[in-house]
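Values reported hereafter were calculated over all heavy atoms of this structure, with side chains retained and with hydrogens, waters and symmetry mates removed.
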Amino acid sequence: MKRYRHYKKDKAIVLSCFGSVVEQKRYLDLQKLIESEFEGVDVFLSFSSRMVLKVLKKEGLKYKNLPQTLADIDRLGYRNVIVSSINLFPTDEHEMLKKIVSGFDSFSPANFRYTDAILTKTKDTTLFFRVLNQSVSKSGMSNLYIIHGTPALELGGMQSITYSANLLEMIDKNNFSCSLEGAFPYFAIKERLIQKMKNHGVRDLQIVPLLLISGNHYQKDMFEINDELSKYFNCSITPPLGSSERFNLIELNLTTNIIIKNIREEIIKLG
């Protein structure tokens, strides 16, 4: 193909993220980590949140969404492009990513591939929550895991969320779960949830935010839930496990190892 002669660069990796005004540094740290793991491969960041993009632009930081980033990469002449889905569950954000990448792959001479979302495979997901639960659990204290959730029940990602919630409650009798705005949201089940924990004899409780990046939901929703539950239990939010002042799952080696593994798998498939 005549046009293909302009595609002279080998590989590029795009980290497709939601974005965060509060914890933007976490994504920059991830970019540096991926660059160190894949030497000689150019690594780009893209963000899907238009609100985040607007705020960052006001601060003089110019980032782009995934279609803009892929268009730039195509123009720069990369032959092979791996889009890494920096989404915890394969929900609506991941589904949109798949459509965008498939679209570019259909009309560009370059090869475009996307990775799984982080918690897609049962083996990865099971190990992830077993290790996470061991890391955050404290003697005599119960855990309330709060998942962000997804607005659409028909998405395949709903199965991943449901499995995760059920697994957490099965691996430890002191675990409970709910969502922020998905299936079984806290606001709708809180009375039953509180009663369930009382019946279980819970006194000390920690909230574990299952958020890849703890931005506005962490600052607002988690603290509101903590304040409300503090009326019934000795309640606190689990302390961060990384360098941030907040609990970010993306800071865990467990999380980044899955991201790196997923990228390697797609590079192998390129041949």
Side-chain angles (χ1 to χ4, degrees), residues 18 20-26 87-89 91 118-119 125-151 153 157-158 160-255:
F18 183 77
S20 173
V21 175
V22 178
E23 287 281 17
Q24 185 70 0
K25 186 179 183 299
R26 308 280 80 82
N87 297 290
L88 193 59
F89 296 103
T91 53
I118 297 164
L119 299 182
T125 304
T126 302
L127 177 62
F128 180 91
F129 284 115
R130 282 185 62 189
V131 175
L132 177 64
N133 190 69
Q134 291 170 358
S135 300
V136 302
S137 294
K138 301 179 180 68
S139 178
M141 181 172 283
S142 296
N143 303 310
L144 174 59
Y145 287 92
I146 303 183
I147 301 170
H148 180 276
T150 178
L153 291 172
M158 190 64 220
S160 176
I161 291 174
T162 301
Y163 173 75
S164 299
N166 290 341
L167 175 68
L168 283 165
E169 295 190 15
M170 290 186 71
I171 61 177
D172 194 325
K173 65 180 181 179
N174 295 312
N175 287 346
F176 303 86
S177 66
C178 66
S179 75
L180 283 179
E181 53 187 43
F184 304 106
Y186 174 79
F187 76 87
I189 67 167
K190 59 184 178 181
E191 289 83 5
R192 179 71 185 92
L193 182 63
I194 291 168
Q195 189 58 53
K196 183 180 178 181
M197 290 191 285
K198 284 183 175 180
N199 293 343
H200 192 72
V202 173
R203 293 186 178 181
D204 299 314
L205 176 70
Q206 69 172 348
I207 293 172
V208 186
L210 291 180
L211 299 171
L212 194 59
I213 298 290
S214 291
N216 292 333
H217 280 304
Y218 179 88
Q219 290 183 312
K220 183 177 183 293
D221 299 304
M222 296 301 170
F223 280 89
E224 285 184 0
I225 293 173
N226 180 72
D227 289 344
E228 184 164 9
L229 291 178
S230 292
K231 300 174 185 176
Y232 308 94
F233 314 102
N234 297 321
C235 190
S236 60
I237 299 174
T238 191
L241 297 177
S243 61
S244 173
E245 296 178 356
R246 304 169 184 82
F247 184 83
N248 295 290
L249 290 175
I250 203 169
E251 290 190 278
L252 305 180
N253 289 337
L254 198 60
T255 306

If you measure from [atom1] on [X] to [atom2] on [Y], what distance do you get to the nearest 0.5 Å?
| X | Y | atom1 | atom2 | result |
| --- | --- | --- | --- | --- |
| Ser177 | Asn166 | OG | CG | 7.0 Å |
| Phe176 | Ile207 | CZ | CD1 | 13.0 Å |
| Leu229 | Lys190 | CG | NZ | 9.5 Å |
| Asn87 | Phe18 | CG | CZ | 9.5 Å |
| Tyr145 | Gln206 | OH | CD | 7.5 Å |
| Tyr163 | Phe129 | OH | CZ | 9.5 Å |

For [X] versus [Y], what's the shortest heavy-atom pair and its separation?
| X | Y | answer |
| --- | --- | --- |
| Cys178 | Tyr186 | SG-CB, 3.9 Å |
| Arg246 | Pro240 | O-CB, 3.0 Å |
| Tyr232 | Ile194 | CE1-CD1, 3.6 Å |

Open item on the list: Is it the case that the side chains of Glu23 and Ser214 hold a donor-acceptor pair, with the cut-off being a distance below 3.5 Å and no angle test?
Closed with: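 No, Glu23 and Ser214 have no side-chain donor paired with an acceptor closer than 3.5 Å.
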
Open item on the list: Looking at Glu245, I want to see if its CD is surrounded by more than 12 non-hydrogen atoms of other residues, nucleotides or ligands under 6.0 Å.
Closed with: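 For Glu245, atom CD is not crowded (no more than 12 foreign heavy atoms under 6.0 Å).
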
Open item on the list: Within a 6.0 Å radius of atom CZ on Phe184, are there more than 12 heavy atoms belonging to other residues, nucleotides or ligands?
Closed with: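 Check fails, neighbour count at 12 or below.
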
Heavy atoms, side chains only, cut-off 4.5 Å: are [X] and [Y] in contact?
| X | Y | result |
| --- | --- | --- |
| Leu212 | Arg26 | no |
| Leu252 | Val131 | no |
| Met222 | Leu211 | yes |
| Leu241 | Val136 | yes |

Residue of the set [options] for which side-chain contact (heavy atoms from CB on, under 4.5 Å) holds with [X]:
| X | options | value |
| --- | --- | --- |
| Thr255 | Asn248, Leu249, Leu119 | Leu249 |
| Leu210 | Leu180, Ile146, Ile161, Leu132 | Leu132 |
| Val208 | Asn143, Asn133, Asn175 | Asn143 |

TODO: Would you please test Met158 and Phe89 for side-chain contact (heavy atoms from CB on, under 4.5 Å) and show each step?
DONE: CA-CA 8 Å; Met158 190 64 220; Phe89 296 103; over 6 Å; no

Task: Full working for side-chain contact (heavy atoms from CB on, under 4.5 Å) between Asn174 and His200 - done: CA-CA 8 Å; Asn174 295 312; His200 192 72; 3.6 Å; yes

